[in-house]
Amino acid sequence: MSEITTQVAIIGGGPSGLLLSQLLHRQGIASVVLERQTRDYVLGRIRAGVLERGFVELMREAGCAGRMEAEGEVHHGVYLAHQGRMDRVDLAAAANGATVMVYGQTEVTRDLYAAREAMGGTVIHLADKVQPQELKSDKPFVTYEKDGETHRVNCDFIIGADGFHGVSRKSIPADVLREYEKVYPFGWLGVLSETKPASPELIYARHERGFALCSMRSQVLSRYYIQVPLTDNVEDWSDDAFWSELKARLPQEVAEGLQTGPSIEKSIAPLRSFVAEPMRYGQLFLAGDAAHIVPPTGAKGLNSAASDIYYLYHGLRDHYQNGDSAGLDSYSEKALARVWKAERFSWWMTNLLHRFPDMSEADLRLQCADLDYLFSSEAAQASMAENYVGLPY
Ligand code: APR
Ligand code: PHB
(Lines give C-alpha, C1' and ligand atoms only; values in the text may rest on other atoms or scores of the structure.)
(Ligands and ions follow the chains in the order given, each with its own letter.)
Protein backbone atom coordinates (compact mmCIF):
# COMPACT_ATOMS: atom_id res chain seq x y z
CA MET A 1 0.00 0.00 0.00
CA SER A 2 1.45 3.38 -0.99
CA GLU A 3 1.22 6.13 1.58
CA ILE A 4 1.38 9.90 1.36
CA THR A 5 1.18 12.38 4.19
CA THR A 6 -0.38 15.80 3.99
CA GLN A 7 -2.00 18.31 6.37
CA VAL A 8 -5.55 18.35 4.97
CA ALA A 9 -7.15 15.50 3.00
CA ILE A 10 -10.08 16.74 0.90
CA ILE A 11 -12.63 14.25 -0.42
CA GLY A 12 -14.32 15.64 -3.54
CA GLY A 13 -12.94 17.64 -6.46
CA GLY A 14 -16.00 19.82 -7.00
CA PRO A 15 -15.98 23.62 -6.44
CA SER A 16 -15.92 23.30 -2.63
CA GLY A 17 -12.92 20.95 -2.43
CA LEU A 18 -10.91 22.74 -5.11
CA LEU A 19 -11.55 26.22 -3.68
CA LEU A 20 -10.42 25.16 -0.20
CA SER A 21 -7.31 23.41 -1.55
CA GLN A 22 -6.37 26.53 -3.55
CA LEU A 23 -6.91 28.94 -0.63
CA LEU A 24 -4.90 26.73 1.76
CA HIS A 25 -2.03 26.31 -0.71
CA ARG A 26 -1.65 30.10 -0.96
CA GLN A 27 -1.18 30.08 2.82
CA GLY A 28 1.44 27.34 2.65
CA ILE A 29 -0.94 24.67 3.98
CA ALA A 30 -0.69 21.37 2.11
CA SER A 31 -3.69 19.37 0.96
CA VAL A 32 -4.55 16.43 -1.27
CA VAL A 33 -7.86 16.29 -3.18
CA LEU A 34 -9.39 12.86 -3.89
CA GLU A 35 -12.00 12.85 -6.68
CA ARG A 36 -13.91 9.75 -7.74
CA GLN A 37 -14.60 10.91 -11.31
CA THR A 38 -12.38 12.23 -14.10
CA ARG A 39 -11.75 15.94 -14.52
CA ASP A 40 -13.81 16.03 -17.73
CA TYR A 41 -16.73 14.34 -15.96
CA VAL A 42 -16.66 16.94 -13.18
CA LEU A 43 -16.48 19.77 -15.73
CA GLY A 44 -19.28 18.21 -17.78
CA ARG A 45 -21.90 18.85 -15.12
CA ILE A 46 -24.14 21.86 -15.88
CA ARG A 47 -24.96 23.72 -12.64
CA ALA A 48 -26.12 27.21 -11.66
CA GLY A 49 -24.40 30.49 -12.23
CA VAL A 50 -25.18 33.38 -9.84
CA LEU A 51 -22.32 34.23 -7.44
CA GLU A 52 -22.76 36.18 -4.21
CA ARG A 53 -20.38 39.04 -3.36
CA GLY A 54 -18.68 36.85 -0.73
CA PHE A 55 -17.95 34.15 -3.31
CA VAL A 56 -16.46 36.71 -5.70
CA GLU A 57 -14.19 37.93 -2.88
CA LEU A 58 -13.09 34.36 -2.12
CA MET A 59 -12.21 33.75 -5.79
CA ARG A 60 -10.11 36.94 -5.69
CA GLU A 61 -8.36 35.76 -2.49
CA ALA A 62 -7.73 32.41 -4.20
CA GLY A 63 -6.11 34.24 -7.12
CA CYS A 64 -8.74 32.79 -9.49
CA ALA A 65 -10.87 35.84 -10.35
CA GLY A 66 -9.24 36.82 -13.67
CA ARG A 67 -11.59 35.07 -16.13
CA MET A 68 -14.61 35.58 -13.88
CA GLU A 69 -14.03 39.34 -13.90
CA ALA A 70 -13.28 39.40 -17.61
CA GLU A 71 -16.18 37.21 -18.79
CA GLY A 72 -18.70 37.29 -15.91
CA GLU A 73 -21.55 39.83 -15.80
CA VAL A 74 -22.20 42.04 -12.78
CA HIS A 75 -25.96 42.30 -12.23
CA HIS A 76 -27.47 45.14 -10.19
CA GLY A 77 -30.99 43.83 -10.23
CA VAL A 78 -33.36 40.93 -10.84
CA TYR A 79 -36.88 40.77 -12.27
CA LEU A 80 -39.92 38.99 -10.86
CA ALA A 81 -42.74 38.41 -13.34
CA HIS A 82 -46.17 37.77 -11.83
CA GLN A 83 -49.83 38.38 -12.65
CA GLY A 84 -48.88 39.56 -16.17
CA ARG A 85 -46.49 42.23 -14.92
CA MET A 86 -42.74 42.49 -14.45
CA ASP A 87 -41.24 44.16 -11.35
CA ARG A 88 -37.55 44.75 -10.75
CA VAL A 89 -35.73 44.43 -7.44
CA ASP A 90 -32.86 46.93 -7.58
CA LEU A 91 -30.37 44.86 -5.59
CA ALA A 92 -27.72 47.58 -5.52
CA ALA A 93 -30.15 50.23 -4.25
CA ALA A 94 -31.80 47.91 -1.72
CA ALA A 95 -28.59 46.28 -0.45
CA ASN A 96 -26.11 49.17 -0.13
CA GLY A 97 -24.61 48.87 -3.59
CA ALA A 98 -24.16 45.09 -3.44
CA THR A 99 -24.46 43.14 -6.68
CA VAL A 100 -24.18 39.55 -7.93
CA MET A 101 -21.87 38.06 -10.56
CA VAL A 102 -23.39 35.91 -13.29
CA TYR A 103 -20.71 33.36 -14.15
CA GLY A 104 -21.32 29.62 -14.61
CA GLN A 105 -20.35 27.15 -11.88
CA THR A 106 -18.71 25.03 -14.58
CA GLU A 107 -16.42 27.97 -15.42
CA VAL A 108 -15.67 28.50 -11.71
CA THR A 109 -14.65 24.84 -11.44
CA ARG A 110 -12.58 25.08 -14.63
CA ASP A 111 -10.71 28.13 -13.23
CA LEU A 112 -10.07 26.33 -9.93
CA TYR A 113 -8.66 23.29 -11.72
CA ALA A 114 -6.38 25.54 -13.77
CA ALA A 115 -5.20 27.30 -10.60
CA ARG A 116 -4.51 23.97 -8.82
CA GLU A 117 -2.50 22.85 -11.83
CA ALA A 118 -0.59 26.13 -12.03
CA MET A 119 0.44 25.82 -8.39
CA GLY A 120 1.27 22.12 -8.72
CA GLY A 121 -1.60 21.14 -6.40
CA THR A 122 -2.38 17.44 -5.89
CA VAL A 123 -5.78 16.40 -7.26
CA ILE A 124 -6.11 12.61 -7.61
CA HIS A 125 -8.88 11.58 -10.03
CA LEU A 126 -10.52 8.18 -10.36
CA ALA A 127 -9.97 7.62 -6.64
CA ASP A 128 -12.33 4.76 -5.91
CA LYS A 129 -13.70 3.35 -2.66
CA VAL A 130 -12.55 6.43 -0.75
CA GLN A 131 -12.94 5.82 2.98
CA PRO A 132 -12.20 8.29 5.77
CA GLN A 133 -10.85 6.52 8.88
CA GLU A 134 -9.93 7.10 12.54
CA LEU A 135 -12.03 10.27 12.61
CA LYS A 136 -11.87 10.57 16.38
CA SER A 137 -8.09 10.17 16.61
CA ASP A 138 -5.48 12.92 16.11
CA LYS A 139 -4.05 10.83 13.27
CA PRO A 140 -6.97 10.32 10.89
CA PHE A 141 -6.35 8.98 7.38
CA VAL A 142 -8.17 8.25 4.15
CA THR A 143 -7.81 5.11 2.05
CA TYR A 144 -8.76 4.75 -1.61
CA GLU A 145 -8.22 2.40 -4.51
CA LYS A 146 -6.70 3.33 -7.85
CA ASP A 147 -5.15 1.26 -10.63
CA GLY A 148 -6.04 -1.86 -8.65
CA GLU A 149 -3.98 -0.77 -5.65
CA THR A 150 -4.99 0.52 -2.20
CA HIS A 151 -3.50 3.85 -1.19
CA ARG A 152 -3.44 5.75 2.11
CA VAL A 153 -3.38 9.51 2.82
CA ASN A 154 -2.26 10.44 6.35
CA CYS A 155 -3.44 13.85 7.52
CA ASP A 156 -4.46 16.06 10.43
CA PHE A 157 -7.93 16.89 9.10
CA ILE A 158 -10.38 15.37 6.59
CA ILE A 159 -12.76 17.60 4.62
CA GLY A 160 -15.90 15.92 3.29
CA ALA A 161 -16.63 17.98 0.16
CA ASP A 162 -17.98 15.01 -1.75
CA GLY A 163 -21.50 16.18 -2.41
CA PHE A 164 -24.88 14.79 -1.42
CA HIS A 165 -24.12 11.24 -2.49
CA GLY A 166 -20.58 11.15 -1.08
CA VAL A 167 -19.07 8.86 1.58
CA SER A 168 -18.19 11.52 4.16
CA ARG A 169 -21.60 12.29 5.69
CA LYS A 170 -22.29 8.56 5.82
CA SER A 171 -19.13 8.16 7.92
CA ILE A 172 -20.74 10.05 10.83
CA PRO A 173 -22.47 7.59 13.22
CA ALA A 174 -26.26 7.52 12.91
CA ASP A 175 -26.69 8.33 16.60
CA VAL A 176 -24.72 11.55 16.09
CA LEU A 177 -26.02 12.74 12.71
CA ARG A 178 -29.38 14.53 12.41
CA GLU A 179 -30.84 15.15 8.95
CA TYR A 180 -33.60 17.62 8.09
CA GLU A 181 -35.30 17.35 4.69
CA LYS A 182 -38.12 18.74 2.58
CA VAL A 183 -38.73 17.25 -0.88
CA TYR A 184 -40.79 19.47 -3.21
CA PRO A 185 -43.55 17.92 -5.40
CA PHE A 186 -42.03 19.17 -8.66
CA GLY A 187 -38.75 19.49 -10.51
CA TRP A 188 -36.99 21.97 -12.78
CA LEU A 189 -36.59 21.18 -16.48
CA GLY A 190 -33.49 23.12 -17.55
CA VAL A 191 -32.33 23.96 -21.07
CA LEU A 192 -29.02 25.48 -22.18
CA SER A 193 -29.10 27.15 -25.63
CA GLU A 194 -26.75 29.21 -27.75
CA THR A 195 -29.23 32.07 -27.95
CA LYS A 196 -29.39 35.69 -26.84
CA PRO A 197 -30.71 35.98 -23.27
CA ALA A 198 -34.37 36.99 -22.90
CA SER A 199 -33.40 39.97 -20.74
CA PRO A 200 -30.24 41.76 -19.53
CA GLU A 201 -31.05 40.51 -15.98
CA LEU A 202 -32.57 37.29 -14.64
CA ILE A 203 -36.36 36.89 -14.72
CA TYR A 204 -38.04 34.72 -12.06
CA ALA A 205 -41.64 34.12 -13.20
CA ARG A 206 -44.64 33.05 -11.15
CA HIS A 207 -47.47 31.80 -13.37
CA GLU A 208 -50.59 29.70 -12.85
CA ARG A 209 -49.03 27.18 -15.28
CA GLY A 210 -46.00 26.97 -12.98
CA PHE A 211 -42.65 28.65 -12.32
CA ALA A 212 -40.16 29.70 -15.00
CA LEU A 213 -36.68 31.25 -14.91
CA CYS A 214 -34.73 33.09 -17.61
CA SER A 215 -31.00 33.10 -16.86
CA MET A 216 -27.80 33.23 -18.86
CA ARG A 217 -24.14 32.30 -19.01
CA SER A 218 -23.18 35.04 -21.48
CA GLN A 219 -24.76 37.21 -24.18
CA VAL A 220 -24.70 34.19 -26.53
CA LEU A 221 -25.46 31.37 -24.06
CA SER A 222 -28.80 31.27 -22.23
CA ARG A 223 -30.17 29.04 -19.46
CA TYR A 224 -33.89 28.55 -18.95
CA TYR A 225 -35.92 26.51 -16.48
CA ILE A 226 -39.59 25.59 -16.15
CA GLN A 227 -41.30 23.83 -13.26
CA VAL A 228 -42.48 20.32 -14.25
CA PRO A 229 -44.18 17.43 -12.40
CA LEU A 230 -41.71 14.99 -10.84
CA THR A 231 -43.27 12.26 -12.96
CA ASP A 232 -42.07 13.93 -16.19
CA ASN A 233 -39.12 12.55 -18.12
CA VAL A 234 -36.82 14.71 -20.19
CA GLU A 235 -37.74 12.61 -23.24
CA ASP A 236 -41.33 13.89 -22.85
CA TRP A 237 -40.11 17.40 -23.69
CA SER A 238 -39.12 18.29 -27.25
CA ASP A 239 -37.36 21.62 -27.66
CA ASP A 240 -40.50 23.05 -29.30
CA ALA A 241 -42.67 21.94 -26.40
CA PHE A 242 -40.19 23.53 -23.99
CA TRP A 243 -40.07 26.87 -25.80
CA SER A 244 -43.85 27.15 -26.16
CA GLU A 245 -44.42 26.29 -22.50
CA LEU A 246 -41.75 28.77 -21.41
CA LYS A 247 -43.32 31.53 -23.54
CA ALA A 248 -46.75 30.76 -22.08
CA ARG A 249 -45.38 31.49 -18.58
CA LEU A 250 -43.61 34.77 -19.44
CA PRO A 251 -45.02 38.30 -19.83
CA GLN A 252 -46.12 38.88 -23.44
CA GLU A 253 -43.38 41.36 -24.34
CA VAL A 254 -40.69 38.96 -23.11
CA ALA A 255 -42.26 35.97 -24.86
CA GLU A 256 -42.51 37.86 -28.15
CA GLY A 257 -38.82 38.84 -28.02
CA LEU A 258 -37.57 35.41 -26.92
CA GLN A 259 -34.87 33.96 -29.22
CA THR A 260 -35.23 30.17 -29.36
CA GLY A 261 -32.91 27.48 -30.74
CA PRO A 262 -31.78 23.88 -30.30
CA SER A 263 -31.01 22.84 -26.71
CA ILE A 264 -27.37 21.88 -26.13
CA GLU A 265 -28.21 20.51 -22.69
CA LYS A 266 -31.59 19.52 -21.29
CA SER A 267 -32.23 17.83 -17.90
CA ILE A 268 -34.71 17.65 -15.03
CA ALA A 269 -33.52 18.27 -11.44
CA PRO A 270 -35.60 17.49 -8.34
CA LEU A 271 -36.00 20.20 -5.67
CA ARG A 272 -35.01 19.49 -2.10
CA SER A 273 -34.15 21.34 1.10
CA PHE A 274 -31.70 19.28 3.17
CA VAL A 275 -29.43 19.97 6.14
CA ALA A 276 -27.21 17.55 8.05
CA GLU A 277 -26.02 18.39 11.59
CA PRO A 278 -23.39 18.54 12.98
CA MET A 279 -21.01 19.54 10.17
CA ARG A 280 -18.03 18.28 12.20
CA TYR A 281 -17.32 14.84 13.65
CA GLY A 282 -13.89 14.53 15.22
CA GLN A 283 -11.35 15.49 12.57
CA LEU A 284 -13.94 15.25 9.75
CA PHE A 285 -15.53 18.50 8.53
CA LEU A 286 -18.43 18.47 6.03
CA ALA A 287 -18.74 21.26 3.45
CA GLY A 288 -21.12 22.12 0.62
CA ASP A 289 -23.60 19.62 -0.79
CA ALA A 290 -22.19 16.93 1.51
CA ALA A 291 -24.00 18.74 4.36
CA HIS A 292 -26.78 20.76 2.78
CA ILE A 293 -28.91 21.14 -0.34
CA VAL A 294 -31.20 24.02 -1.26
CA PRO A 295 -33.86 24.28 -3.96
CA PRO A 296 -32.19 26.38 -6.71
CA THR A 297 -34.80 29.16 -6.59
CA GLY A 298 -32.60 31.38 -4.42
CA ALA A 299 -29.33 30.56 -6.25
CA LYS A 300 -27.79 29.53 -2.89
CA GLY A 301 -26.30 26.08 -3.66
CA LEU A 302 -22.77 27.06 -4.64
CA ASN A 303 -22.85 30.17 -2.49
CA SER A 304 -23.64 28.23 0.70
CA ALA A 305 -20.80 25.86 -0.14
CA ALA A 306 -18.55 28.90 -0.44
CA SER A 307 -19.45 30.22 3.02
CA ASP A 308 -18.59 26.81 4.48
CA ILE A 309 -15.21 27.04 2.73
CA TYR A 310 -14.69 30.56 4.07
CA TYR A 311 -15.16 29.40 7.69
CA LEU A 312 -13.04 26.26 7.16
CA TYR A 313 -10.25 28.18 5.44
CA HIS A 314 -10.02 30.72 8.26
CA GLY A 315 -10.29 27.99 10.93
CA LEU A 316 -7.48 25.92 9.37
CA ARG A 317 -5.31 28.99 8.78
CA ASP A 318 -5.69 30.04 12.44
CA HIS A 319 -4.90 26.50 13.52
CA TYR A 320 -1.72 26.14 11.46
CA GLN A 321 -0.47 29.73 11.64
CA ASN A 322 -1.49 30.73 15.21
CA GLY A 323 -2.09 27.39 16.95
CA ASP A 324 -5.64 28.68 17.59
CA SER A 325 -8.42 26.08 17.15
CA ALA A 326 -11.35 28.39 18.03
CA GLY A 327 -12.36 28.74 14.38
CA LEU A 328 -12.42 24.98 13.83
CA ASP A 329 -14.21 24.37 17.12
CA SER A 330 -17.00 26.78 16.17
CA TYR A 331 -17.08 25.78 12.46
CA SER A 332 -20.20 23.60 12.59
CA GLU A 333 -22.19 26.16 14.56
CA LYS A 334 -21.13 29.13 12.41
CA ALA A 335 -21.57 27.35 9.08
CA LEU A 336 -25.00 25.96 10.05
CA ALA A 337 -26.23 29.37 11.24
CA ARG A 338 -25.65 30.82 7.76
CA VAL A 339 -26.83 27.65 5.98
CA TRP A 340 -30.21 27.73 7.71
CA LYS A 341 -30.71 31.34 6.62
CA ALA A 342 -29.93 30.32 3.03
CA GLU A 343 -32.35 27.40 3.43
CA ARG A 344 -35.06 29.79 4.68
CA PHE A 345 -34.56 32.23 1.78
CA SER A 346 -34.54 29.43 -0.80
CA TRP A 347 -37.70 27.90 0.72
CA TRP A 348 -39.39 31.31 0.76
CA MET A 349 -38.51 32.01 -2.90
CA THR A 350 -39.75 28.51 -3.83
CA ASN A 351 -43.06 29.01 -2.01
CA LEU A 352 -43.46 32.48 -3.50
CA LEU A 353 -42.99 31.48 -7.13
CA HIS A 354 -44.07 27.85 -7.64
CA ARG A 355 -47.44 26.22 -8.20
CA PHE A 356 -47.90 23.44 -5.62
CA PRO A 357 -50.26 20.64 -6.69
CA ASP A 358 -52.55 21.00 -3.67
CA MET A 359 -52.80 24.78 -3.58
CA SER A 360 -56.17 26.21 -2.54
CA GLU A 361 -57.64 29.49 -3.80
CA ALA A 362 -56.56 30.96 -0.44
CA ASP A 363 -52.97 29.76 -1.00
CA LEU A 364 -52.89 31.39 -4.43
CA ARG A 365 -54.18 34.68 -3.03
CA LEU A 366 -51.60 34.58 -0.24
CA GLN A 367 -48.84 34.06 -2.80
CA CYS A 368 -50.07 37.13 -4.72
CA ALA A 369 -50.30 39.12 -1.48
CA ASP A 370 -46.70 38.15 -0.69
CA LEU A 371 -45.63 39.49 -4.10
CA ASP A 372 -47.77 42.64 -3.73
CA TYR A 373 -46.18 43.24 -0.32
CA LEU A 374 -42.70 42.72 -1.79
CA PHE A 375 -43.26 45.35 -4.46
CA SER A 376 -45.00 47.84 -2.21
CA SER A 377 -42.45 47.78 0.61
CA GLU A 378 -38.83 48.99 0.52
CA ALA A 379 -38.20 46.99 3.68
CA ALA A 380 -39.38 43.79 1.98
CA GLN A 381 -37.23 44.48 -1.06
CA ALA A 382 -34.23 45.24 1.16
CA SER A 383 -34.74 41.89 2.88
CA MET A 384 -35.01 40.03 -0.42
CA ALA A 385 -32.02 41.90 -1.85
CA GLU A 386 -29.68 41.34 1.10
CA ASN A 387 -30.44 37.62 1.01
CA TYR A 388 -30.06 37.40 -2.77
CA VAL A 389 -26.68 39.18 -2.89
CA GLY A 390 -25.55 37.12 0.10
CA LEU A 391 -25.68 37.68 3.85
CA PRO A 392 -22.34 38.61 5.44
CA TYR A 393 -20.10 35.66 6.42
N1 APR B 1 -15.03 9.80 -3.30
C2 APR B 1 -14.43 10.81 -4.00
N3 APR B 1 -15.11 11.82 -4.62
C4 APR B 1 -16.44 11.79 -4.49
C5 APR B 1 -17.14 10.77 -3.79
C6 APR B 1 -16.37 9.76 -3.16
N7 APR B 1 -16.95 8.79 -2.47
N8 APR B 1 -18.47 11.03 -3.88
C9 APR B 1 -18.61 12.14 -4.61
N10 APR B 1 -17.38 12.61 -4.98
C11 APR B 1 -17.10 13.81 -5.78
C12 APR B 1 -18.10 14.02 -6.91
O13 APR B 1 -17.73 13.31 -8.05
C14 APR B 1 -18.04 15.53 -7.11
O15 APR B 1 -17.09 15.90 -8.10
O16 APR B 1 -17.26 14.93 -4.94
C17 APR B 1 -17.57 16.07 -5.76
C18 APR B 1 -18.66 16.89 -5.04
O19 APR B 1 -18.88 18.04 -5.81
P20 APR B 1 -20.33 18.78 -5.84
O21 APR B 1 -21.41 17.81 -5.85
O22 APR B 1 -20.26 19.79 -6.91
O23 APR B 1 -20.41 19.48 -4.42
P24 APR B 1 -19.70 20.80 -3.90
O25 APR B 1 -18.28 20.86 -4.34
O26 APR B 1 -20.02 20.89 -2.48
O27 APR B 1 -20.42 21.98 -4.72
C28 APR B 1 -21.68 22.40 -4.35
O29 APR B 1 -22.52 21.98 -6.47
O30 APR B 1 -24.37 20.72 -6.78
C31 APR B 1 -23.90 21.96 -6.80
O32 APR B 1 -25.79 23.20 -6.19
C33 APR B 1 -24.60 22.66 -5.74
O34 APR B 1 -23.74 24.52 -6.44
C35 APR B 1 -23.60 23.60 -5.42
C36 APR B 1 -22.28 22.99 -5.58
C1 PHB C 1 -28.77 29.43 -13.42
O2 PHB C 1 -28.28 30.37 -14.07
O3 PHB C 1 -28.60 28.25 -13.73
C4 PHB C 1 -29.59 29.77 -12.22
C5 PHB C 1 -29.70 31.08 -11.84
C6 PHB C 1 -30.47 31.42 -10.73
C7 PHB C 1 -31.09 30.43 -10.00
C8 PHB C 1 -30.94 29.10 -10.36
C9 PHB C 1 -30.18 28.77 -11.49
O10 PHB C 1 -31.82 30.76 -8.93
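The first residue of the sequence shown is numbered 1, and numbering continues consecutively from there. For clarity, every value in this text was computed on a predicted model and none was experimentally measured. In each ligand, atom 1 is the first atom listed, and ligand 1 is the first ligand listed.
Considering backbone and side-chain atoms together, Ser16 places an N or O closer than 3.5 Å to an N or O of ligand 1. No N or O atom of Val42 sits closer than 3.5 Å to an N or O atom of ligand 1. The shortest N/O to N/O separation between Arg36 and ligand 1 falls below 3.5 Å.
Every atom of ligand 1 is numbered from 1 in the order shown, and the set under 4.0 Å from a heavy atom of Gly166 is 8 (N). Listed by number with element, the atoms of ligand 1 under 4.0 Å from a non-hydrogen atom of Asp162 are 4 (C), 5 (C), 8 (N), 9 (C), 10 (N), 16 (O), 18 (C). The distance from ligand 1 to the heavy atoms of Gln105 drops below 4.0 Å at these ligand atoms: 29 (O), 31 (C), 34 (O), 35 (C), 36 (C). Applying the 4.0 Å criterion to heavy atoms of Val130 picks out, from ligand 1, the atoms 1 (N), 2 (C). Taking every heavy atom of Val167 and a limit of under 4.0 angstrom, the matching atoms of ligand 1 come to 7 (N). Counting the atoms of ligand 1 from 1 in the order shown, those under 4.0 Å from a heavy atom of Gly288 are 26 (O). Per-residue contacts place Gly301 under 4.0 angstrom from the following atoms of ligand 1 (heavy atoms of the residue considered): 32 (O), 34 (O), 35 (C).
Under the ring-ring contact (aromatic ring centres under 6.0 Å, His included) criterion, His207 pairs with no residue, sequence neighbours left out.
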*Report the C-alpha separation of Arg116 and Gln22 in whole Å, then their side-chain angles, then the decisive distance to 0.1 Å, and conclude whether the side-chain hydrogen bond (donor to acceptor under 3.5 Å, both in side chains) test is met.*
CA-CA 6 Å; Arg116 295 311 304 128; Gln22 175 70 8; 2.7 Å; yes
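Residue-ligand proximity: Pro15 is placed with a non-hydrogen atom under 4.0 Å from ligand 1.
With a heavy-atom cut-off of 4.0 Å, Ala290 does not touch ligand 1 at all. For Asp289, heavy-atom contacts with ligand 1 shorter than 4.0 Å involve the backbone as well as the side chain. Residue contacts with ligand 1, taken as heavy atom pairs separated by less than 4.0 Å, do not involve Val294 at all.
Within the hydrophobic cluster formed by Ile, Leu, Val, Met, Phe, Trp and Tyr side chains joined at under 4.5 Å, directly or through other members, Tyr79 is accompanied by Met86, Leu189, Val191, Ile203, Tyr224, Ile226, Val228, Val234, Trp237, Phe242, Trp243, Leu246, Leu250, Val254, Leu258, Ile268.
With ring centers used as reference points, Phe356 lies under 6.0 Å from Phe186.
The number of heavy-atom neighbours closer than 6.0 Å to CD of Glu333, taken from other residues, nucleotides and ligands shown, is 12 or below.
Under the 3.5 Å distance criterion, with hydrogens and angles disregarded, a donor-acceptor pair is assigned to the side chains of Asn154 and Glu3.
Closest heavy-atom approach to atom 12 (C) of ligand 1 among the candidates Arg47, Glu35, Lys129: Glu35.
Taking the centre and axis of the six-membered ring of Tyr144, the NZ or CZ atom of Lys129 falls outside the cone set by 45° and 6.0 Å. Judged by a 6.0 Å distance limit and a 45° cone about the ring axis, Arg152 is positioned over the six-membered ring of Phe141.
For ligand 2, the protein residues placed under 4.0 Å by at least one non-hydrogen atom are Ala48, Gly49, Val50, Trp188, Leu202, Tyr204, Leu213, Ser215, Arg217, Arg223, Tyr225, Pro296, Thr297, Ala299.
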Can I get a per-line list of side-chain donor-acceptor pairs under 3.5 Å for residues 37-49, giving both atom names and the distance, sequence neighbours left out?
residue	atom	partner	partner atom	Å
Thr38	OG1	Tyr41	N	3.0
Arg39	NH1	Glu117	OE2	2.9

